[in-house]
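For the single chain, residues carry numbers from 1 onward in sequence order.
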Amino acid sequence: MAPAADREGYWGPTTSTLDWCEENYAVTWYIAEFWNTVSNLIMIIPPIFGAIQSVRDGLEKRYIASYLALTVVGMGSWCFHMTLKYEMQLLDELPMIYSCCIFVYCMFECFKMKNSVNYHLLFILVLFSLIVTTVYLKVKEPIFHQVMYGVLVFTLVLRSIYIVTWVYPWLRGLGYTSLGIFLMGFLLWNIDNIFCDSLRNFRKKVPPIIGVTTQFHAWWHILTGLGSYLHILFSLYTRTLYLRYRPKVKFLFGIWPVILFEPLRKH
């Protein structure tokens, strides 16, 4: 975490329970953590296009919700890192729980009839979200939030491993790429927390263009944003395979992955 002594800027004193390793208001007076803020664009823009394409393709609403939930997380994180206000921190952290619950629902409903609804699973996930929200608002302990988020991610990992091991082994590439990118982001998140003082001292000694590459919390956003996006593609690929569509992963401009498929013709 960041040392206590940091400059103030447009948004005034920090009220969040967390202040990350990036130097506050170092780039502009209007944004507390510049790189931690703009790095959220990867979680905001691509999922919007994913949601639009899902609507056009007539996909189930759960996948539209998955894309939009990731966008909400990115927007909340943008507001949090821009202001370092407690209210904005909640706008970042609580949607992380809610979006993961949507991901869990999608993953466990991959092999059901089209447009079916599992009310029991919905109830469990909504109840989990309500309990986590209530407890977190009361205790205000970031570690509690991190553990609850970790439980959801671990559930997704186990379900993904089951699918690529026993159901669709040819999806290992997409599934493990999503997981690997996410875990790389988690590694950098930990390095940023543990070695913050050393990273700050290093940035003081090198040109800014080199120092910015050590903003590992920003890399956490980029890598987990990409990993989460790829997870949605993995979940959607699994679902459309089960529905006997013909999904294919294509790369826009040779860079950004999207999923295209041909639905079954209606008789």
Side-chain angles (χ1 to χ4, degrees), residues 1-2 16-21 36 39-40 42-43 47 62 65-66 69-77 80-81 86 88-110 121-165 174-196 216-235:
M1 300 301 172
S16 59
T17 60
L18 293 170
D19 189 355
W20 304 99
C21 192
N36 288 352
S39 57
N40 286 292
I42 195 171
M43 281 189 276
R62 70 188 75 161
S66 293
L70 185 56
T71 293
V72 170
V73 171
M75 294 173 66
S77 183
F80 170 35
H81 291 286
Y86 176 67
M88 299 299 105
Q89 179 181 346
L90 294 177
L91 195 61
D92 172 17
E93 293 175 331
L94 292 178
M96 290 172 66
I97 299 294
Y98 307 151
S99 63
C100 261
C101 284
I102 296 174
F103 296 167
V104 168
Y105 182 85
C106 288
M107 288 298 286
F108 280 86
E109 291 297 294
C110 280
L121 181 57
L122 271 179
F123 175 78
I124 291 171
L125 292 171
V126 170
L127 182 62
F128 178 85
S129 297
L130 288 174
I131 292 173
V132 170
T133 300
T134 303
V135 173
Y136 190 45
L137 290 175
K138 186 173 182 63
V139 302
K140 297 183 179 181
E141 175 51 66
I143 293 178
F144 170 76
H145 168 267
Q146 291 160 11
V147 169
M148 293 299 99
Y149 180 67
V151 167
L152 291 170
V153 171
F154 185 65
T155 302
L156 288 171
V157 169
L158 289 182
R159 180 64 171 174
S160 299
I161 291 175
Y162 165 77
I163 289 173
V164 301
T165 302
L174 180 57
Y176 287 147
T177 298
S178 168
L179 176 59
I181 291 174
F182 193 97
L183 290 178
M184 178 61 71
F186 181 62
L187 173 64
L188 295 181
W189 181 84
N190 280 283
I191 292 174
D192 190 73
N193 289 338
I194 297 169
F195 301 104
C196 180
F216 291 144
H217 193 88
W219 282 110
W220 150 258
H221 290 160
I222 293 169
L223 293 172
T224 55
L226 176 57
S228 297
Y229 177 87
L230 290 176
H231 171 79
I232 296 174
L233 291 192
F234 172 75
S235 179

Legend entry - Verdict with reasoning, M88 to D92, per side-chain contact (heavy atoms from CB on, under 4.5 Å): CA-CA 6 Å; M88 299 299 105; D92 172 17; over 6 Å; no

Inset, instruction - Report the C-alpha distance between N36 and H221 in whole Å, list the side-chain angles of each, state the deciding distance to 0.1 Å, and finish with yes or no for side-chain contact (heavy atoms from CB on, under 4.5 Å). - result: CA-CA 8 Å; N36 288 352; H221 290 160; 4.2 Å; yes

Inset, instruction - For side-chain contact (heavy atoms from CB on, under 4.5 Å), just list the numbers for Y86 and L90, CA-CA rounded to whole Å, side-chain angles, deciding distance to a tenth of an Å, and then say yes or no. - result: CA-CA 6 Å; Y86 176 67; L90 294 177; 3.7 Å; yes

Inset, instruction - Starting from the C-alpha separation in whole Å, work towards a yes-or-no answer on side-chain contact (heavy atoms from CB on, under 4.5 Å) for Y98 and T133. - result: CA-CA 10 Å; Y98 307 151; T133 300; 2.7 Å; yes

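Remark: the backbone N or O of T224 is paired with a side-chain donor or acceptor of S228 at under 3.5 angstrom. The main-chain N or O of V73 is never found under 3.5 Å from a side-chain atom of S77 such that the two would form a donor-acceptor pair. A distance-only check finds no donor-acceptor pair linking the side chain of S178 to the backbone of L174 [under 3.5 Å]. With S99 contributing its side chain and M96 its backbone, the two residues share a donor-acceptor pair below 3.5 Å.
Across all their heavy atoms, S160 and H231 have their closest contact at OG-CE1, 4.0 Å. For P47 against L70, the heavy-atom pair with the smallest separation is CG-CD2, 3.6 Å. Smallest separation of non-hydrogen atoms from P142 and T17: CG-OG1, 3.5 Å.
Looking only at side-chain heavy atoms (C-beta outward), F186 and W220 come within less than 4.5 Å of each other. Side-chain contact between V135 and M148: absent, with no pair of heavy atoms (C-beta onward) separated by less than 4.5 Å. Contact annotation: the side chain of C100 approaches that of L156 to within less than 4.5 Å [non-hydrogen atoms, C-beta and beyond]. With contacts defined as side-chain heavy-atom distances shorter than 4.5 Å, the pair F80/S16 qualifies. Under the 4.5 Å side-chain criterion, counting only non-hydrogen atoms from C-beta, L158 is in contact with F154. Two residues are said to be in side-chain contact when any heavy atoms from C-beta on lie closer than 4.5 Å; F234 and I163 meet this criterion. Residues V132 and Y149 have side chains not in contact (no heavy-atom distance under 4.5 Å, counting atoms from C-beta outward). Using a 4.5 Å cut-off on side-chain heavy atoms (C-beta onward), T155 and M107 make no contact.
More than 12 non-hydrogen atoms from other residues, nucleotides or ligands lie less than 6.0 angstrom from CZ of F128. Dense packing is recorded around CZ of F144, with more than 12 heavy atoms of other residues, nucleotides or ligands lying under 6.0 Å away. Taking a 6.0 Å sphere around CG of L137, one finds it holds more than 12 heavy atoms contributed by other residues, nucleotides or ligands.
Put simply, OG on S39 and CH2 on W219 are 10.0 Å apart, with the number rounded to the nearest 0.5 Å. Here L18 contributes atom CG and Q146 contributes atom CD; the two are 6.5 Å apart, rounded to the nearest 0.5 Å. Here the CD1 atom belonging to I42 is positioned 8.0 Å from the CG atom belonging to L223, to the nearest 0.5 angstrom. Atoms CD1 and OH, on I97 and Y136 in that order, are 9.5 Å from each other to the nearest 0.5 Å. Atom CD1 of I222 is separated from atom CD1 of I181 by 12.0 Å, given to the nearest 0.5 angstrom. Atom NE2 of residue H145 and atom NZ of residue K140 lie 15.5 Å apart, to the nearest 0.5 angstrom.
The aromatic rings of H81 and W20 sit tilted, their planes meeting at an angle between 30° and 60°.
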